Amino acid sequence: MPFSLLPKTIVPALPDLTPRKLGLMGVQVLMLDFDNTVVPYTNDLPSPAIRAWLRTMDRAGVQLCVVSNSKKDRVKQFCAQWNLPCYTHCRKPSTRGLQQAAQSLGVRPEDCALAGDQIFTDTLAANRAGMRSILVKPIHLHTPWLWLRHLLEQPFIFIAKRRNAL
Ligand SMILES: [Mg+2]
């Protein structure tokens, strides 16, 4: 289980992950972090672009699920509304929640990717679990703490971008 803070793939937002791109990456299940990846912390309404993307993925038959550290009902309510398998209390960067999700969906970790906005939880958990780590930009940094954490992530983003460009 490699300890790496470098995302394998970096995209601006979820809609950049098209069914075709995911197919080329060999991704069978795309796991999604919830807060600041699908919706901002401050509301439960996905943007029109995210809603369109969720419908596109559904039509294309791409299996999605949500893997969140949150314990809040808002995650479950969202998943029920969009008919997505929902795994909460995942405790990323622990790999246990991701492994349980992969197991219950009947896929190997290496056939999964996890898209999330945080290096120290999402990227690290995906890499440790042997899944493809995909970093997206946080939707909205609404507190100084989120800004600070995002600042601390910058060196890893810089190195990953350089490495991925080679
Ligand atoms: Mg997040």
Side-chain angles (χ1 to χ4, degrees), residues 3-17 21-22 25 27 29-54 57 62-102 105 109 112-161 164:
F3 181 100
S4 171
L5 292 166
L6 301 182
K8 179 93 174 158
T9 302
I10 301 177
V11 293
L14 291 179
D16 295 284
L17 297 170
K21 255 192 214 173
L22 292 168
M25 292 174 189
V27 173
V29 170
L30 178 62
M31 301 190 179
L32 305 171
D33 168 54
F34 188 68
D35 286 306
N36 250 351
T37 296
V38 179
V39 294
Y41 282 101
T42 44
N43 74 56
D44 298 335
L45 280 181
S47 68
I50 294 281
R51 288 205 300 272
W53 177 77
L54 287 168
M57 301 304 266
V62 177
Q63 174 72 63
L64 303 175
C65 71
V66 168
V67 286
S68 175
N69 281 1
S70 175
K71 302 173 177 71
K72 293 183 181 158
D73 283 342
R74 64 194 285 265
V75 186
K76 288 177 191 152
Q77 283 159 6
F78 180 93
C79 290
Q81 195 182 344
W82 287 90
N83 201 22
L84 300 173
C86 186
Y87 304 92
T88 53
H89 307 68
C90 284
R91 297 186 179 171
K92 297 165 285 181
S94 162
T95 59
R96 191 178 295 179
L98 306 190
Q99 284 162 342
Q100 283 171 351
L105 294 168
C112 300
L114 165 59
D117 69 297
Q118 285 192 53
I119 289 214
F120 303 116
T121 53
D122 303 313
T123 297
L124 182 55
N127 288 341
R128 290 183 65 217
M131 299 179 181
R132 175 179 283 264
S133 50
I134 301 176
L135 185 70
V136 301
K137 278 193 187 142
I139 293 173
H140 179 42
L141 298 171
H142 73 290
T143 65
W145 160 242
L146 289 177
W147 267 109
L148 176 64
R149 200 191 54 208
H150 193 53
L151 200 65
L152 294 172
E153 292 175 336
Q154 293 311 303
F156 303 103
I157 295 172
F158 177 78
I159 294 167
K161 277 185 178 167
N164 294 351

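In listed order, ligands and their atoms are each counted from 1. In this text, all values refer to a predicted model and were calculated from it rather than measured experimentally.
A donor-acceptor contact shorter than 3.5 Å is absent between the side chain of D117 and the backbone of K137. For the pair K92 (side chain) and V67 (backbone), a donor-acceptor distance under 3.5 Å is present. Remark: the backbone N or O of P93 is paired with a side-chain donor or acceptor of R128 at under 3.5 angstrom.
Note on the Mg ion (ligand 1): protein N/O/S atoms under 2.8 Å are D33 OD2, D35 O, D117 OD1.
Residues L6 and I159 have side chains in contact (heavy-atom distance under 4.5 Å, counting atoms from C-beta outward).
Only one option out of D35, L141, I139 pairs with Y41 in a side chain to side chain contact (heavy atoms under 4.5 Å, CB included); it is D35. With I134 as the fixed residue, the side chain to side chain contact (heavy atoms under 4.5 Å, CB included) test singles out one of D16, L114, L30: L30.
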